[in-house]
Amino acid sequence: MCSFSFEIFPPRKDESIKNLNTILDDLGQLSPNFISVTFGAGGSVNSKNTLETATLIQDQYKFPSIVHLPCIHANKDKITTILKQCKERKLEKILALRGDVCNSVEKSKDFSYASDLISFIQEEGGFEIYAACYPEKHNEAKNFIEDIHHLKIKVNSGTNKLITQLFYDNETFYTFKQNCALANINIPIYAGIMPITNKRQVLKISQLCGAKIPPKFTKILEKYENNTLALEDAGIAYAIDQIVDLITSGVDGIHLYTMNKSKAAIKIYEAVKHLLKEELCVEKQS
């Protein structure tokens with residue numbers, strides 16, 4: 001069965017809970033397998049909005065939620081407190097991350113890597129642990145071999161499932177999957193897909209995570225950068241094409257990075273919903 005899920009971020013100070021509810025109302029109609037909720041940026045270890053949003057998803061919308069949990073600026077006491085709060089709220093899925101380094105915030109003495117956090121959560125018990133992976137390797141890895149080695153450590157530390165960083169070239173993902181298989185990494189890997197909605201935003205995120213822009217994708221950005229609606233249509237079509245190919249090739253799951261915009265997610269789901277249902281039918285028959 002191919003999982004279909006979304007990532008959202010919790011409301012910021014200048015955003016209303018009403019906007020979040022509208023987004024969740026839209027996404028909830030698509031019956032996702034889960035919705036993940038990002039954590040505070042810039043070295044923040046304030047989990048309040050993340051936990052409240054994840055709880056809202058489970059209690060009001062009745063879908064499993066995944067709590068993003070970075071560790072590079074958190075100590076064991078802070079992580080223990082957050083895990084306790086998760087258990088109290090029945091939030092049983094954690095995406096364990098190192099997180100972005102903020103030079104103005106002191107680094108953790110307890111957690112240097114995501115694998116350290118994964119081991120800590122595993123010892124705590126009671127959670128399904130997700131981790132991030134990078135089809136085009138992590139920016140800080142020297143090469144692909146080193147990156148797969150680090151991923152293997154994360155998996156061996158207790159990771160149950162993986163979610164990839166966004167990518168725009170499926171061949172890169174397939175090569176990554178082959179390398180994982182060679183390293184005996186055999187847990188489910190969900191493909192992270194971000195539809196184009198804004199050229200500047202996509203280029204910035206791609207630079208941060210190291211995602212390459214294929215020539216076909218570049219043509220879309222260049223041709224429609226001054227036409228918002230046309231860019232959205234072309235970007236959604238590109239994402240649909242990626243997803244159709246991934247599902248047909250037997251991907252474990254599709255994880256859409258929504259950027260808190262439900263319009264593209266709805267269009268994508270409508271285009272591939274019968275493929276997802278076909279996968280479900282095949283799963284039941286087997």
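This chain uses plain numbering: 1 for the first residue, then up along the sequence.
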Parallel, tilted or perpendicular: rings of F4 and Y269 (30°, 60°): tilted

Residue that, paired with C180, satisfies side-chain contact (heavy atoms from CB on, under 4.5 Å) out of T175, L151, N186: L151

Out of L95, N260, T258, T38, which one pairs with E7 under the side-chain contact (heavy atoms from CB on, under 4.5 Å) rule? T38

Do the rings of H138 and Y134 sit parallel, tilted or perpendicular, given the 30° and 60° boundaries? perpendicular

Working for side chain to side chain donor-acceptor pair (under 3.5 Å), residues S5 and Y190: CA-CA 9 Å; S5 56; Y190 298 161; over 6 Å; no

Apply the test side chain to side chain donor-acceptor pair (under 3.5 Å) to residues S36 and H68: give CA-CA distance (whole Å), side-chain angles for both, the deciding distance (0.1 Å), then the verdict. CA-CA 7 Å; S36 71; H68 290 219; 3.2 Å; yes

Any chance the rings of F34 and Y130 have centres within less than 6.0 Å? yes

Check step by step if salt bridge (charged side-chain N to carboxylate O under 4.0 Å, His left out) holds for D252 and K177. CA-CA 11 Å; D252 296 309; K177 284 269 291 182; 3.5 Å; yes

Pair R98, E140 - check salt bridge (charged side-chain N to carboxylate O under 4.0 Å, His left out), show working. CA-CA 12 Å; R98 186 201 69 172; E140 297 176 20; 3.0 Å; yes

In this structure, would I72 and I79 fall into the same cluster of hydrophobic residues linked by side-chain contacts under 4.5 Å? no

Under 4.5 Å between side-chain heavy atoms, counting indirect links through other Ile/Leu/Val/Met/Phe/Trp/Tyr residues: same cluster for F144 and F167 or not? no

Do the side chain of S108 and the main chain of A74 share a donor and acceptor less than 3.5 angstrom apart? yes

K267 vs D233, salt bridge (charged side-chain N to carboxylate O under 4.0 Å, His left out): CA-CA, chis, key distance, verdict: CA-CA 9 Å; K267 288 187 176 182; D233 285 347; 3.6 Å; yes

